Amino acid sequence: MQLGAEILIESLRKENVRVIFGYPGGAALKIFDALKDAADIRTILVRHEQGAAHAANGYARASGKVGVCMATSGPGATNLVTGIATAYMDSIPIVAITGQVATSMVGTDAFQEVDITGITDPIVKHNYLVQEAGDILRIIKEAFYIAQSGRPGPVLIDIPQDVTAAMAENIDCKKVDLRGYKPNITGHIRQIKQVIELIEKAERPLICAGGGMNSARATEELLYMAENAGIPVTTTMMGRGSISQDHPLALGMLGTYGLAAANMAVQACDLFIALGMRFGDRVTGATAKFAPHAKIVHIDIDAAEIGKNMRVDVPLVGDLKVVLGQLNKRLQSKENLSWRTEIAEIKAKYRAKKMEAEAEEEISVADVIENLNKGLTNDCIVTTDVGQHQIWAAQKIKTNLPGKFISSGGLGTMGYGIPAAVGAQVACPDCNVYVITGDGSFQMGMPELGTALEQGLPLKIVLINNQTLGMVKQLQDHYCQGRYSSTEFSKSPDFHHLALAFGALSLRVAKRQELAAKMEEFVQHRGMAIMEVVVPARENVYPIVLAGSGLDEMVGT
Amino acid sequence: MRCWGGGKVKHTLAVLVENRPGVLSHVAGLFSRRGYNIESLAVGETDDPSVSRITLVVEGDAKIIEQVSKQLNKQVEVIKVNDITEEETVDRQLLLLKVNADIAVRQEIMQIVEIFRCRIVDIGRRSLIVEATGDDAKIQAIIKSLQSFGIMELVRTGRVSIVRGQK
Ligand SMILES: Cc1ncc(C[n+]2csc(CCOP(=O)(O)OP(=O)(O)O)c2C)c(N)n1
């Protein structure tokens with residue numbers, strides 16, 4: 001016989017959990033008590049439960065493993081919700097464990113009781129309310145299996161206080177048996193043949209790699225296909241890292257905030273091969289105008305994605321690594337020379353433009369990214385917050401491998417960057433982890449600097465200070481005739497002293513001439529460093545595809 | 001059974017699920033979240049007590065119903081989803097209806113009950129309770145025939161359906 005809480009820890013151990021991001025409370029008392037004795041599991045105390053969920057997310061994305069977060073009942077659990085939704089939208093495998101009031105109190109509005117399984121129903125892949133300590137092992141096993149198999153996603157496990165305190169037989173569970181859950185792995189052979197035929201016939205094929213490429217870690221297979229069959233590759237924001245930015249076939253990010261060349265290629269192609277993407281509205285612009293000359297092949301592990309947002313000519317359901325392998329085996333080598341020349345011309349024609357400086361010392365965000373790029377090596381990880389800085393980073397930052405560019409794509413959660421970096425740094429202690437954030441987002445994610453300080457994480461934070469909620473300000477430029485409502489900060493905290501308060505090296509740059517030297521100092525610093533870069537508020541992200549427009553109808557190319 | 005109206009189709013979905021708490025609200029949530037009203041719902045254990053079958057009728061755009069079915073299929077507790085709208089099915093629902101029945105009209109009501117092959121299951125001083133089973137059309141017809149007497153109370157279950165023949 002064993003205590004429920006101990007069974008829980010042992011079950012987590014069986015899943016090779018090494019790190020838990022958590023925050024304690026009354027209903028989770030027993031769990032944290034048991035964690036105290038688990039020397040092989042590192043419990044990282046965060047500063048806000050949302051940070052725990054984001055850290056688990058960053059950990060999962062950087063490591064390719066399941067991230068684990070933990071919170072108490074009631075407010076602890078609800079504080080996780082935004083983080084769980086963020087993981088859900090980006091298909092990131094995390095397991096969230098919450099304490100719950102005792103079984104006998106459930107449903108009585110007891111102190112710190114919320115129906116967290118009810119609340120999270122639409123934003124988890126699956127959730128559990130544990131009824132008996134004897135079920136814990138099986139449930140943990142299932143949860144980890146569900147979180148990381150098929151299309152990954154968050155799983156929540158709610159455990160009442162009395163269940164963690166009860167004694168039970170620790171019944172071993174050898175195999176997961178879920179009759180309602182059997183992900184399709186191998187592609188259907190008839191459809192494989194159809195796709196091969198389409199690729200062979202196509203004169204202007206284009207691959208688009210989405211977030212599924214990062215979860216499947218199928219970069220090699222993708223590269224082989226692109227090079228062997230002469231197919232240029234664009235990526236979604238979530239697909240960044242599927243192909244090196246410097247690869248001659250790479251076009252960069254597409255979408256309403258995408259690179260002009262990538263968008264023009266989409267509109268010109270005659271075959272659009274979607275790999276692990278969901279045709280979100282930020283990718284397609286007006287769906288009716290998307291890739292007007294193209295047949296569309298949609299390859300995804302989730303059958304429910306096929307035809308959800310976009311017409312499709314050949315659907316193919318399966319694991320990308322397996323399916324690309326199946327395709328590569330049959331695919332003839334091909335050059336597509338004239339199409340590739342055309343692509344090269346498009347790329348040359350649509351070079352990114354910089355904001356025109358009003359004064360010589362004025363810094364454009366593009367300058368910041370360019371300077372940072374010089375300091376990046378292939379193993380560096382970059383997380384971002386949400387806003388204009390995120391888009392600039394997604395367009396230009398030189399991270400070239402899967403799991404190295406970490407950003408909240410689907411939910412667009414401000415306050416994600418710093419806690420995600422905490423998770424990524426814990427997963428990869430030897431990599432340099434950078435955060436690109438804005439003055440708005442920074443103030444949402446700031447509490448987790450306390451975590452970074454305590455854990456001795458040498459995060460490098462680039463704080464782009466444009467004195468505004470820039471992205472929304474830009475929308476007000478486009479849609480509200482430049483009437484700025486609640487988007488300008490008339491006062492901000494002294495970021496320099498804030499950085500010092502968290503024990504970080506604090507750098508501040510307001511002149512372009514100083515940028516390179518300060519960046520050098522920043523990159524070289526061994527501990528946590530925060531570099532505030534002051535930029536003008538007027539700079540907007542271009543090109544942009546406005547509501548109702550197709551990808552080739554960009555403003556500001 | 002199909003009813004056309006306004007480009008929308010009534011769909012009958014037969015959903016096999018794990019017989020566990022929370023599963024029904026989960027399934028229902030997938031519809032309500034998209035603003036779809038479930039018109040009829042019947043849930044019960046199957047021959048395997050660990051499996052429940054949910055039969056639900058929902059009206060909606062065919063593409064969206066297909067999307068919801070796929071989302072249903074994705075749920076861990078959902079074992080199988082069948083859209084049996086196009087199938088040859090036997091459909092039944094149960095109706096209990098309390099109708100005003102003074103001595104003067106009692107005979108007439110009993111004749112109607114006989115014609116429809118339903119049953120009188122309770123007799124009060126001024127009322128009768130009628131029990132009927134049948135498909136949608138039959139249930140509608142009974143209600144219509146008894147309306148003029150004054151219906152005091154009416155309850156009906158959701159529809160249950162089963163596909164004819166081998167399937
Ligand atoms: C939690 C949350 N609240 C609100 C928004 C809406 N929003 C999107 S971008 C943005 C502004 C971000 O400002 P900042 O972090 O300073 O970045 P900038 O756009 O200036 O680079 C806002 C408010 C959001 N994405 N997330």
Side-chain angles (χ1 to χ4, degrees), chain A residues 88 91 103 106-107 115-132 135 139 141-147 149-158 176-184 278-279 287 298 300-312 315 317, chain B residues 7 9 11 13-38 41 43-56 58 60-83 85:
Chain A
Y88 183 72
S91 307
T103 320
V106 168
D115 173 11
I116 195 64
T117 47
I119 289 172
T120 55
D121 226 25
I123 51 165
V124 292
K125 195 168 166 188
H126 194 49
N127 62 24
Y128 295 89
L129 174 58
V130 183
Q131 309 279 356
E132 279 175 53
D135 293 338
I139 287 176
K141 207 176 188 68
E142 287 180 8
F144 276 77
Y145 174 67
I146 292 167
S149 57
R151 177 180 181 172
V155 178
L156 178 128
I157 304 166
D158 197 26
V176 174
D177 180 24
L178 295 164
R179 54 187 162 184
Y181 178 76
K182 303 242 158 31
N184 270 325
R278 58 191 177 85
F279 291 97
T287 44
H298 191 176
D300 204 286
I301 191 136
D302 181 1
E305 279 307 328
I306 310 277
K308 186 181 84 177
N309 296 337
M310 184 57 68
R311 68 192 162 87
V312 56
V317 176
Chain B
V9 184
H11 287 258
L13 300 181
V15 189
L16 292 176
V17 299
E18 298 287 348
N19 185 5
R20 266 198 293 226
V23 178
L24 178 62
S25 80
H26 198 101
V27 167
L30 286 173
F31 290 90
S32 60
R33 226 171 285 145
R34 292 173 170 79
Y36 282 102
N37 182 31
I38 295 176
L41 179 74
V43 194
E45 248 177 52
T46 60
D47 50 330
D48 174 352
S50 71
V51 178
S52 289
R53 171 155 145 168
I54 302 175
T55 309
L56 53 85
V58 59
D61 178 77
K63 261 198 80 163
I64 296 180
I65 299 292
E66 190 196 326
Q67 173 55 212
V68 180
S69 304
K70 283 180 174 174
Q71 296 291 344
L72 271 176
N73 244 322
K74 252 171 86 166
Q75 306 308 312
V76 174
E77 315 114 330
V78 172
I79 301 163
K80 201 167 168 47
V81 182
N82 274 325
D83 187 338
T85 314

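Everything numeric in this text was worked out from a predicted model, so none of it was measured. To find a chain, count down the sequence lines: A is the first, B the second, and so on, and within it residues start at 1.
For the pair B/Ser50 and A/Arg179, the minimum side-chain heavy-atom distance is below 4.5 Å. Taking 4.5 Å as the limit, every side-chain heavy atom of B/Glu77 sits out of range of all side-chain heavy atoms of A/Leu178. No side-chain heavy atom of B/Gln75 sits less than 4.5 Å from a side-chain heavy atom of A/His126.
Neither the backbone nor the side chain of A/Pro183 comes within less than 4.5 Å of any heavy atom of chain B. Residue contact with chain A, scored on non-hydrogen atoms closer than 4.5 Å, involves the side chain of B/Lys63 exclusively. Proximity to chain B is absent for every atom of A/Leu129, based on heavy atoms less than 4.5 angstrom apart. For chain A, the nearby part of B/Val78 is the backbone; its heavy atoms alone come within less than 4.5 Å.
Between atom CG of residue A/Asn127 and atom NE2 of residue B/His26 there is a gap of 7.0 Å, rounded to the nearest 0.5 Å. With rounding to the nearest 0.5 Å, the separation of CZ in B/Arg20 from OH in A/Tyr128 is 7.0 Å.
Remark: the backbone N or O of A/Asp302 is not paired with any side-chain donor or acceptor of B/Lys70 at under 3.5 angstrom.
Between B/Gln71 and A/Ala304, the closest heavy-atom pair is NE2-CB, 3.9 Å.
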